[in-house]
Amino acid sequence: MRRRAPCPGRITCAPMTSAPDAAPGPGAKGALTARATDFPRWYQDVVARAELADNGPVRGTMVIRPWGYGIWERLQAALDTRIKEAGADNAYFPLFIPEAYLRLEAEHVEGFSPELAVVTQAGGKELEEPVVVRPTSETVINSYFAKWIQSHRDLPLLINQWANVVRWELRPRLFLRTSEFLWQEGHTAHATRTEARDYALKILSDVYLSTMQGVAAVPVITGHKTVRERFAGAIRTWTCEGMMGDGKALQMGTSHELGQNFAKAFGIQFSDELGAQQYAWQTSWGVSTRLIGAIVMAHGDDFGLRLPPAIAPVEVVVLVVRDDEGVHRAAQSLVADLVAAGHRVRLDDRTDTGFGRRSVAWELKGVPARIEVGPRDLAEGNVTMVTRHDRIKTTVPLGGAVVEVTAALGGTAAALWAEAEAARAARSTAVTTVAEALEAGAQGFATLAWSAVGPEGEDRLAKEAITVRCLQGPDGGLAEDGDDEDSLVAVVGRSY
RNA sequence: CGGGGAGUAGCGCAGCUUGGUAGCGCGCCUGCUUUGGGAGCAGGAGGUCGGGGGUUCAAGUCCCCUCUCCCCGACCA
């Protein structure tokens, strides 16, 4: 990487004086808990100190603060573009669902009933028919699909909605598990099983994998869930599983083949080309604000959050080091140049607050690049650039700062990706027995033949809080329709 | 629901054993000096001690009741 090398055109290339081992310890003022010391505590600290979110007044609820919501908006934009490219249109369905709808699909209601919030009183009186707050919208949406779909010409029907959903949680964790969260849920109906399956896989790769890996720079593995782990009401659940900094897996998104389960429950039928009545084949798929938690836990370090530029609400912050007219002028014009170059920029000219405090604040928030404009550098026509992911400081000529920042931002995502992938590789082990999987799975991902596990092995693993995260084909790719169960590979580990 | 803990300033906590003026750190406000990695000094604001009852001359502290929250055991984006 150019910035590390002694570099012509620059005056100095210095790493920061405080190496990672100079991380603030427990005694330091306002320090973060070290990630290796207590990962859950570190996570909470980062979420709080980076001002991503607060706990809501009702247990399990979450207030998403502007910085956290800014990340969500960037993720949303990336996902929404891809969803539309996949042909789905946005729509909106109601928050309240008749309780009776949930009961129409047996597995579905069984899967969700423990976490339903049910409204029994409204308008000052008991409701004759209780309504549930949607935990997901299969039931309402499909009841309308049944009305809208009459002919094979109405298919495929591809709908997405951005919404909040409620699943009452006993053990809440900000972004990862809250009683209310924001997500996107897609619901589609197709004429054939193959078409539905292909669409579920298209979403998995072209929307989810593309966003998680290409935008958020989080490496994920894909595969399908075991019967035990799959979505209530699906015939197959495809999943994206990321590995967090402590070796635990996080389910970051799922895409389901629903078969004809809901079509039969809700009467979604169409006349085919021959005039015969057929039940539609369906999919549903979703990702949520949990992705923010994934980004924190996959990329964060002892100094706080680290964001890939594509989802950072601010890509570059220009810091006025001290109150000086020339410095202010230079900083302002640099901001203008950066904006003109297409970057999301913020000017920090709060010189009534100490420089160190402001630096630390932006570092905690994970802003990918900072430019420090101070009189000392400026006297020599320079500014200092700091890249967040490696915390390396570089002195660059003022006139070349835009080019330098653009180049640095271009390398940030790749660097974060490489680091996360190396961490995952270091915690991934191939094993052959359930006993070995118990050990390796406690540290990270253990891979072994599914035939060596099976539903019985799954129970054994579950006693140690280890689950099958996904099943893959013999070559490590997605399983093909014709694959023999015994040829599959299981990836197991602890999870959030 | 079973087991373990905690409620005192915005946040984190001490004080309770042995009742006697409500404290500390961080944060916040004002002023001055500062500002190139969490600044210093001085001054200041901020409290129904979770709630109710009782004992006592006197309760954050002792007794009874009650509420809430957190952590560990069965599900999930």
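Reminder, nothing fancy here: chain letters follow the sequence lines and each chain counts from 1.
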Partner of B:A59 under the Watson-Crick or G-U wobble criteria, both distances under 3.5 Å, comes out as none
Expected list for residues 284-299 of chain A near RNA chain B, using heavy atoms below 4.0 Å, is A:S288, A:R290
Atom pairs, N/O to N/O, protein against nucleotides 31-36 of chain B, distance under 3.5 Å?
unit_1	atom_1	unit_2	atom_2	d
B:U35	OP2	A:R322	NH2	2.7
B:U35	O2'	A:V321	O	2.9
B:U35	O2	A:T351	O	3.3
B:U35	N3	A:T351	O	2.9
B:G36	O2'	A:R376	NH1	3.3
B:G36	O6	A:G374	O	2.8
B:G36	O6	A:P375	N	2.9
B:G36	O6	A:R376	N	2.3
B:G36	O6	A:D377	N	2.8
B:G36	N1	A:D377	OD2	3.1
B:G36	N2	A:D377	OD2	2.8
B:G36	N2	A:T384	OG1	3.0

Residues passing the salt bridge (charged side-chain N to carboxylate O under 4.0 Å, His left out) test with A:R322, sequence neighbours excluded, are none
Partner of B:A39 under the Watson-Crick or G-U wobble criteria, both distances under 3.5 Å, comes out as B:U33
### Message
Regarding A:D459 and A:R228, does a basic nitrogen lie under 4.0 Å from an acidic carboxylate oxygen?
### Response
yes
To the nearest angstrom, the CD-P distance between A:Q251 and B:C75 comes to 14 Å
In Watson-Crick or G-U wobble terms, with both distances under 3.5 Å, the base opposite B:A6 is B:U68
Among the nucleotides B:G38, B:A77, B:C75, whichever has the atom closest to the side chain of A:T178 is B:A77
* Between B:G12 and A:R41, is there an OP1 or OP2 to side-chain N/O distance shorter than 4.0 Å? -> no
Taken in chain and number order and not counting sequence neighbours, the residues that satisfy salt bridge (charged side-chain N to carboxylate O under 4.0 Å, His left out) with A:E99 are A:R103
Produce the list of close N/O pairs, under 3.5 Å, pairing protein atoms with atoms of nucleotides 69-74 of chain B; give distances to one decimal.
unit_1	atom_1	unit_2	atom_2	d
B:C70	OP1	A:R59	NH1	2.2
B:C70	OP2	A:R59	NE	3.4
B:C70	OP2	A:R59	NH1	2.5
B:C70	O5'	A:R59	NH1	3.4
B:C72	OP2	A:R171	NH1	2.6
B:G73	N7	A:R171	NH2	3.4

Quantified in whole Å, what is the P atom distance between nucleotide B:A59 and nucleotide B:U17? 15 Å
- prompt: So does A:D45 pair up with A:R49, basic N to acidic O under 4.0 Å?
  reply: no
When both distances are under 3.5 Å in a Watson-Crick or G-U wobble arrangement, the nucleotide paired with B:C49 is none
Applying the 3.5 Å cut-off to both distances, the Watson-Crick or G-U partner of B:U21 turns out to be none
query: Do A:H187 and A:F93 have their ring centres less than 6.0 Å from each other?
result: no
Rounded to whole Å, CG of A:L75 lies from C1' of B:A77 at a distance of 14 Å
For nucleotides 5-11 of chain B, 5' to 3', base contacts (B), sugar-phosphate-only contacts (S) and non-contacts (-) with protein non-hydrogen atoms under 4.0 Å give -------
